[in-house]
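Proteins get letters first, then strands, A, B, ... in listed order; numbering begins at 1 in each.
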Amino acid sequence: MPARGAGKSSYQRIYEVVRRIPRGRVASYGEVARRAGLPGAARQVGYALHALPEGSAVPWQRVVNARGEIPPRASGFEGPQRRLLEREGVRFDARGRIDLARYGWGAPRARAKRPRG
DNA sequence: GCAATGACGCTCT
DNA sequence: CAGAGCGCCATTG
């Protein structure tokens with residue numbers, strides 16, 4: 001429940017940010033937390049997503065850890081998540097990692113046509 | 001209000 | 001890049 005009463009709950013803020021993640025790209029928990037106005041609360045991001053139902057319109061699959069991997073703690077959804085990301089065109093490394101420099105939210109690829117070089 | 005939990009991040013080695 | 005340890009903040013009981 002909202003302990004801040006600033007309007008929506010922190011979770012709601014997190015969901016809003018996650019939904020803003022472009023398709024075919026991924027964002028780290030810290031990235032989402034920061035964008036949600038909770039710098040340092042990366043844990044809550046994962047915790048919030050953990051409370052997400054299946055029918056949720058929040059693309060939680062686009063949220064990964066700062067290393068571009070699916071949290072090893074995620075025993076149970078590391079499967080579906082990877083599958084969903086692959087469906088969006090996200091490529092995984094041989095070790096199950098994602099190149100944040102390529103698919104990361106805010107990656108150079110996201111820039112509108114090469115800024116210059 | 002206090003103590004415990006948690007889909008993590010950063011620093012040092 | 002990989003491994004181990006501490007800190008961070010919000011939710012839950």
* To do: Could you check whether the rings of A:Tyr11 and A:Tyr15 sit parallel, tilted or perpendicular, using 30° and 60° as the cut-offs?
  => perpendicular

* Just wondering, are more than 12 heavy atoms of other shown residues or ligands nearer than 6.0 Å to CZ in A:Arg82? -> yes

* Asked: Which whole-number value in Å describes the distance from A:Arg13 CZ to C:dT11 C1'?
  -> 17 Å

* Structure fact -> Here the distance between atom C1' of C:dA10 and atom NE2 of A:His50, to the nearest Å, is 14 Å

* When the nearest nucleotide of DNA chain C is assigned to A:Gly40 and to A:Tyr47 on a heavy-atom basis, which residue is associated with the more 5' position? -> A:Gly40

* Asked: Are A:Val26 and A:Trp105 side-chain neighbours, meaning at least one heavy-atom pair lies under 4.5 Å?
  -> no

* Taking protein heavy atoms under 4.0 Å as touching, what does nucleotides 8-13 of chain B look like 5' to 3' if B marks base contact, S marks sugar-phosphate-only contact and - marks none? -> BSS---

* Have a look at A:Glu78 and say if it touches a base, only the backbone sugar-phosphate, or nothing, with a 4.0 Å heavy-atom cut-off. => nothing

* Describe the nucleic acid contact of A:Tyr11 in one word from base, sugar-phosphate, nothing, applying a heavy-atom distance below 4.0 Å. => sugar-phosphate

Anything under 3.5 Å between a donor and an acceptor, one on a side chain of residues 57-64 of chain A, the other on a protein residue two or more places apart or in another chain? List them.
residue, atom, partner, partner atom, Å
A:Gln61, NE2, A:Glu88, OE2, 3.0
A:Arg62, NE, A:Glu88, OE1, 3.0
A:Arg62, NE, A:Glu88, OE2, 3.1
A:Arg62, NH1, A:Ile21, O, 2.8
A:Arg62, NH2, A:Glu88, OE2, 3.0

* Between C:dC9 and A:Ser10, is there an OP1 or OP2 to side-chain N/O distance shorter than 4.0 Å? -> no

* To do: Establish whether A:Ile70 and A:Leu100 are linked, either directly or via other cluster members, by ILVMFWY side-chain heavy-atom contacts under 4.5 Å.
  => yes

* Structure fact -> Rounding to 0.5 Å, atoms CZ (A:Arg87) and CZ (A:Arg23) come to a distance of 8.5 Å

* Nearest whole angstrom, please: distance from the C1' of C:dA10 to the CG of A:Leu38. => 8 Å

* Asked: Any side-chain N or O of A:Arg97 under 4.0 Å from OP1/OP2 of C:dC1?
  -> no

* To do: Can you tell me the distance, in whole Å, between the CG atom of A:Leu85 and the P atom of B:dA7?
  => 18 Å

* **Spacing between A:Gln12 atom CD and C:dA10 atom P, to the nearest angstrom** => 17 Å

